[in-house]
Amino acid sequence: MQLMPAAALEIIVASLSTRVLRQQIADGALDLLSGRAIRIVIRDPDVSLRLTLRDGRIVPAPAGQDAAATVTAFAEDLVLVMAQRVDPDTLFFHRRLGVQGDTALGLAVKNVLDSVDPAELPTPVTALLQRAADHVPGDVAGASG
């Protein structure tokens, strides 16, 4: 069951991503995404987002634009990555994080996400991520070590 329409979720994620990744965007770390779409598939709950970089902002990809790369992960794992409790490479080697298609694009996005300092996030978001990470089951959190 999806809590909100995918289009609305894409707008929210794109807006937050632009805010959080403003320095990485300015530095050109996401230039590979310009004019191309990346699909982010979150398993459990099932959510699929397609995003692109346009005019220095992360925005929902236009309808019908094929994704150059797809990154797939469980929601719990993404929470752990964003809370810096697990390394994305560890998840990749445990087959909990997948990249298909243009792997250079997928890895660039993964590296940018891994570079986010939680201190750059709004305080309520950081607190929410930390609280959510505290409630991830041990077998998932155990993938970090």
Side-chain angles (χ1 to χ4, degrees), residues 2-136 140-141 143-145:
Q2 196 161 330
L3 299 176
M4 69 175 59
L9 188 57
E10 283 178 343
I11 291 168
I12 292 167
V13 169
S15 178
L16 286 172
S17 297
T18 296
R19 179 177 174 191
V20 170
L21 301 173
R22 67 184 170 277
Q23 187 60 52
Q24 290 87 340
I25 293 169
D27 292 344
L30 285 172
D31 284 355
L32 276 174
L33 188 56
S34 185
R36 303 169 74 200
I38 188 158
R39 183 172 174 234
I40 301 167
V41 176
I42 303 169
R43 297 180 286 182
D44 195 21
D46 292 330
V47 175
S48 179
L49 309 171
R50 290 180 326 100
L51 304 171
T52 189
L53 182 69
R54 185 174 57 232
D55 300 326
R57 298 181 55 80
I58 297 171
V59 296
Q65 181 178 6
D66 290 333
T70 300
V71 176
T72 306
F74 288 95
E76 294 168 327
D77 293 331
L78 292 176
V79 166
L80 292 173
V81 168
M82 293 304 296
Q84 292 192 335
R85 302 243 185 128
V86 67
D87 179 75
D89 292 328
T90 300
L91 294 174
F92 180 79
F93 289 114
H94 281 91
R95 297 182 182 193
R96 295 188 62 84
L97 175 70
V99 178
Q100 295 177 318
D102 183 340
T103 54
L105 176 60
L107 292 176
V109 170
K110 177 207 64 90
N111 289 337
V112 167
L113 293 176
D114 194 29
S115 74
V116 172
D117 180 358
E120 295 175 18
L121 298 173
T123 302
V125 173
T126 302
L128 180 64
L129 280 172
Q130 294 302 326
R131 288 178 61 196
D134 287 344
H135 292 90
V136 172
V140 174
S144 63

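The structure displayed is predicted, hence computed values, not measured ones.
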Quick check: closest heavy atoms across [X] and [Y], and the distance to 0.1 Å?
X	Y	answer
G56	I25	O-CG2, 3.6 Å
P60	E10	CB-OE1, 3.7 Å
G35	T52	N-OG1, 3.7 Å
A133	V79	N-CG1, 3.6 Å
R50	A63	NH2-CA, 3.6 Å
A37	L105	O-CD2, 4.1 Å

Approximate separation, where rounding is to 0.5 Å, of [X] [atom1] and [Y] [atom2]:
X	Y	atom1	atom2	value
M82	L128	CE	CG	11.5 Å
L107	F92	CG	CZ	7.0 Å
I11	L16	CD1	CG	12.0 Å

Taking [X] for the side chain and [Y] for the main chain, is one N or O donor matched with an acceptor at less than 3.5 Å?
X	Y	answer
S48	V41	no
Q100	G106	no
D87	D89	yes

| task | Give the C-alpha distance, both sets of side-chain angles, the deciding distance and a yes or no for side-chain contact (heavy atoms from CB on, under 4.5 Å) between D77 and L97. | result | CA-CA 8 Å; D77 293 331; L97 175 70; over 6 Å; no
Exercise. Where do E76 and H135 land on the side-chain contact (heavy atoms from CB on, under 4.5 Å) test, with the steps shown first?
Worked result: CA-CA 9 Å; E76 294 168 327; H135 292 90; over 6 Å; no
Does atom CZ (R43) have a neighbourhood of more than 12 heavy atoms from anything else shown, all under 6.0 Å?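 Count over threshold, so yes.
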| query | Should the heavy atoms of other residues, nucleotides or ligands under 6.0 Å from CZ of R36 be counted, would the total exceed 12? | reply |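 Counting neighbours around CZ of R36, more than 12 heavy atoms of other residues, nucleotides or ligands fall under 6.0 Å, so yes.
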Less than 4.5 Å apart, any side-chain heavy atom of [X] and any of [Y]?
X	Y	answer
I38	V71	yes
K110	V99	no
L30	I58	yes

Item to check | From I40, L49, T18, residue fulfilling side chain to side chain contact (heavy atoms under 4.5 Å, CB included) relative to V13 | outcome: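 Of the listed options, the one satisfying the test is L49.
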